[in-house]
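First the structure, in the form of structure tokens, and then the observations on it.
Both ligands and their constituent atoms are indexed starting at 1 by order of listing. Residue numbers run from 1 in the order of the sequence given.
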Amino acid sequence: MRLSDGFGRTFKYLRLSVTEACNFKCSYCLPDGYRKCAGPQPLTVDELRRAATAFTELGLRKIRLTGGEPTVRKDFLEIAETIGALHGLEKLALTTNGYRLEHRAKAFFDAGISAINVSLDSLDPATFLKVTGHDRCHEVLRGIDAAFDAGFDSVKLNAVFLKGINDHELESYLQLAKDRPLSVRFIELMETGDHPAYFQRHHIPATVIAEKLEREGWTKKLKAVDAGPANEYVHPDYRGSIGLIAPYSKDFCKSCNRLRFSSMGKLHLCLFGEFGVPMRALLQSDDQVEELKARLIKAVGQKVDGHQLAAGLTGQTSNLSSIGG
Ligand code: SAM
Ligand code: SF4
């Protein structure tokens, strides 16, 4: 049994959000910080395990823990150990803002996480503070070093490219990939329901970076069938690589191989879809896994061919922390 849709796309990759909460205040995501609302608690470890079990039994081989900030959960290591131990899972990855990573990287690695993406939107401490509300730029950089030291062979740095904020830092980011196998990934700012004006002010098309890279001798690698959303660029003088995530590009959705599951137990077929399919009622006992799998197969079969972001339709997504970026 596999998860596939009506457009010939097969799904091997799940982004599993473990919380909507976050301790940072990124200006494009949660500029006023996370505000807890009354309502259900995020999925428990057992609920997360059952969801992940159903997905792995349906052929998913890679799970990325995300949020919000996944590492703010007190039981985060237990979550990682539980999911990392599932039969059939080949890769457990983490996306984090790097908070206290310098002290925790080894524990994350020992818990079974094998790939880590660290968000770092500026290499300049003052700009980093302006974007995130935290004076932790150097700490996050030390966290990336700690991840290499801990044994991660896949360390990626994510930066949302922002006009008038960090668009003059491209060269500094490239230097980080000069002598070590770091993949620096620039994410094109996506419009979300909460921040249309921010998008108008700070959006830069990824093509601007692609053209600059190509002028400087970087070449685009052919994409593997099961690759993630980034187009990877390499250069003979650099050990690392540069990835561009260009959600507005014409063919971005064609190769979509990812699904999202929110910390409230909803399946999201697209980051910019209109609704999530509620599954929490089927996460209450181990006996429900078969029923859950059947529901997942049915829902995924209804995935539409692509998002309508270019037409300014952001779907239900108010910000990425609510679904899991
Ligand atoms: N808190 C973690 C972090 O920041 O890495 C994980 C969750 S965050 C929502 C995942 C990624 O989404 C981050 O790299 C973040 O920069 C990116 N992101 C959030 N909002 C975005 C937006 N509107 N456009 C593009 N990327 C965005
Ligand atoms: Fe938090 Fe990540 Fe959103 Fe920044 S991008 S506010 S770190 S969830």
Side-chain angles (χ1 to χ4, degrees), residues 15-36 42 63-73 76 93-101 104 108 113 115-122 128-134 136-137 139-140 143-144 147 155-163 165-166 173 183-206 209 228-230 243-249 252 258 260-263 268 271-272 307 309 312 314-325:
R15 293 187 182 214
L16 181 58
S17 175
V18 301
T19 181
E20 293 180 359
C22 185
N23 49 355
F24 278 23
K25 297 180 178 179
C26 298
S27 50
Y28 49 81
C29 182
L30 289 174
D32 301 321
Y34 169 72
R35 296 212 183 109
K36 194 171 168 19
I63 294 181
R64 174 174 300 284
L65 302 176
T66 183
E69 174 51 34
T71 66
V72 299
R73 269 189 72 151
F76 176 71
L94 166 68
T95 299
T96 174
N97 60 23
Y99 178 78
R100 298 201 66 237
L101 180 61
R104 303 184 72 194
F108 295 165
I113 297 169
I116 190 161
N117 287 17
V118 185
S119 297
L120 181 60
D121 291 328
S122 177
F128 183 86
L129 170 63
K130 204 167 105 187
V131 175
T132 64
H134 277 256
R136 294 183 185 271
C137 178
E139 178 189 315
V140 178
I144 291 173
V155 181
K156 292 177 180 161
L157 183 163
N158 287 353
V160 182
F161 217 54
L162 301 163
K163 184 158 74 191
I165 296 181
N166 64 8
Y173 276 106
S183 171
V184 176
R185 294 143 61 97
F186 295 111
I187 309 177
E188 184 174 345
L189 179 66
M190 294 173 246
E191 184 174 355
T192 53
D194 282 354
H195 313 302
Y198 188 97
F199 178 81
Q200 292 304 329
R201 277 200 305 278
H202 297 298
H203 174 252
I204 318 177
I209 310 174
L244 288 188
I245 300 183
Y248 290 86
S249 69
F252 187 73
R258 355 178 231 293
R260 291 182 157 81
F261 205 79
S262 79
S263 59
H268 289 269
L271 193 48
F272 297 97
H307 64 58
L309 265 190
T314 57
Q316 191 207 34
T317 304
S318 47
N319 57 63
L320 263 55
S321 74
S322 60
I323 292 185

**OP:** Take every heavy atom of Gly68, measure it against each atom of ligand 2, and state whether any distance is under 4.0 Å.
**Re:** yes
Subject >> Test side-chain contact (heavy atoms from CB on, under 4.5 Å) applied to Leu101 and Phe108, step by step >> reply: CA-CA 9 Å; Leu101 180 61; Phe108 295 165; 3.8 Å; yes
Original post:
Can you find a heavy atom in the side chain of Leu157 that is under 4.5 Å from one in the side chain of Val118?
Top reply: no
**OP:** Find all atoms of ligand 1 within a distance of less than 4.0 Å from any non-hydrogen atom belonging to Glu69, and give their numbers and elements.
**Re:** 1 (N), 2 (C)
**OP:** Could you list which atoms of ligand 1 come closer than 4.0 Å to a heavy atom of Glu188?
**Re:** 25 (C)
**OP:** Please identify which atoms of ligand 2 are closer than 4.0 Å to at least one heavy atom of Asn97.
**Re:** 7 (S)
Subject >> Among Ser119, Pro70, Gly68, closest by any non-hydrogen atom to atom 13 (C) of ligand 1 >> reply: Ser119
Original post:
Is a donor on one side and an acceptor on the other found under 3.5 Å between the side chain of Arg104 and the backbone of Thr71?
Top reply: yes
Subject >> Phe199 and His195 aromatic centres sub-6.0 Å >> reply: no
Subject >> Those atoms of ligand 2 less than 4.0 Å from some heavy atom in Phe24 >> reply: 6 (S), 7 (S)
Subject >> Residue and atom name of the nearest protein heavy atom (relative to atom 3 (Fe) of ligand 2), distance in Å to one decimal >> reply: Cys29 SG, 2.4 Å
Subject >> Sub-4.5 Å side-chain heavy-atom contact between Thr95 and Arg15 >> reply: no
Original post:
Got a sec: is Cys22 within less than 2.8 Å of atom 1 (Fe) of ligand 2 via an N/O/S atom?
Top reply: yes
Subject >> Atoms of ligand 1, numbered as shown, that sit under 4.0 Å from any heavy atom of Ile187 >> reply: 14 (O), 25 (C), 26 (N)
Original post:
When you measure from atom 6 (S) of ligand 2 to every protein heavy atom, which one gives the shortest distance, and what is it?
Top reply: Cys26 N, 3.5 Å
Original post:
Relative to the heavy atoms of Asn97, which atoms of ligand 1 are at a distance of less than 4.0 Å?
Top reply: 2 (C), 3 (C), 5 (O)
Original post:
With a 4.5 Å limit on heavy-atom distance, are the side chains of Pro70 and Leu94 in contact?
Top reply: yes
Original post:
Does Thr96 approach ligand 1 within less than 4.0 angstrom via side chain, backbone, both or neither, non-hydrogen atoms only?
Top reply: backbone
Original post:
If you measure every N/O of Tyr28 against every N/O of ligand 1, is any gap under 3.5 Å?
Top reply: yes
**OP:** Decide whether Asn166 and Tyr173 meet the rule of one side-chain donor and one side-chain acceptor closer than 3.5 Å.
**Re:** no
Original post:
With side chains defined as the heavy atoms from C-beta onward, is the minimum distance between Glu69 and Tyr34 less than 4.5 Å?
Top reply: no
**OP:** Give a yes or no on whether the backbone of Leu129 and the side-chain of His134 come within a donor-acceptor separation of less than 3.5 Å.
**Re:** no
**OP:** Could you list the atoms of ligand 1 found under 4.0 angstrom from a heavy atom of Thr66?
**Re:** 6 (C), 7 (C)
Original post:
Should Arg73 and Pro42 count as side-chain neighbours, where that means a heavy-atom distance under 4.5 Å?
Top reply: yes
Subject >> Contact atoms of ligand 1, heavy-atom distance to Asn158 under 4.0 Å >> reply: 14 (O)
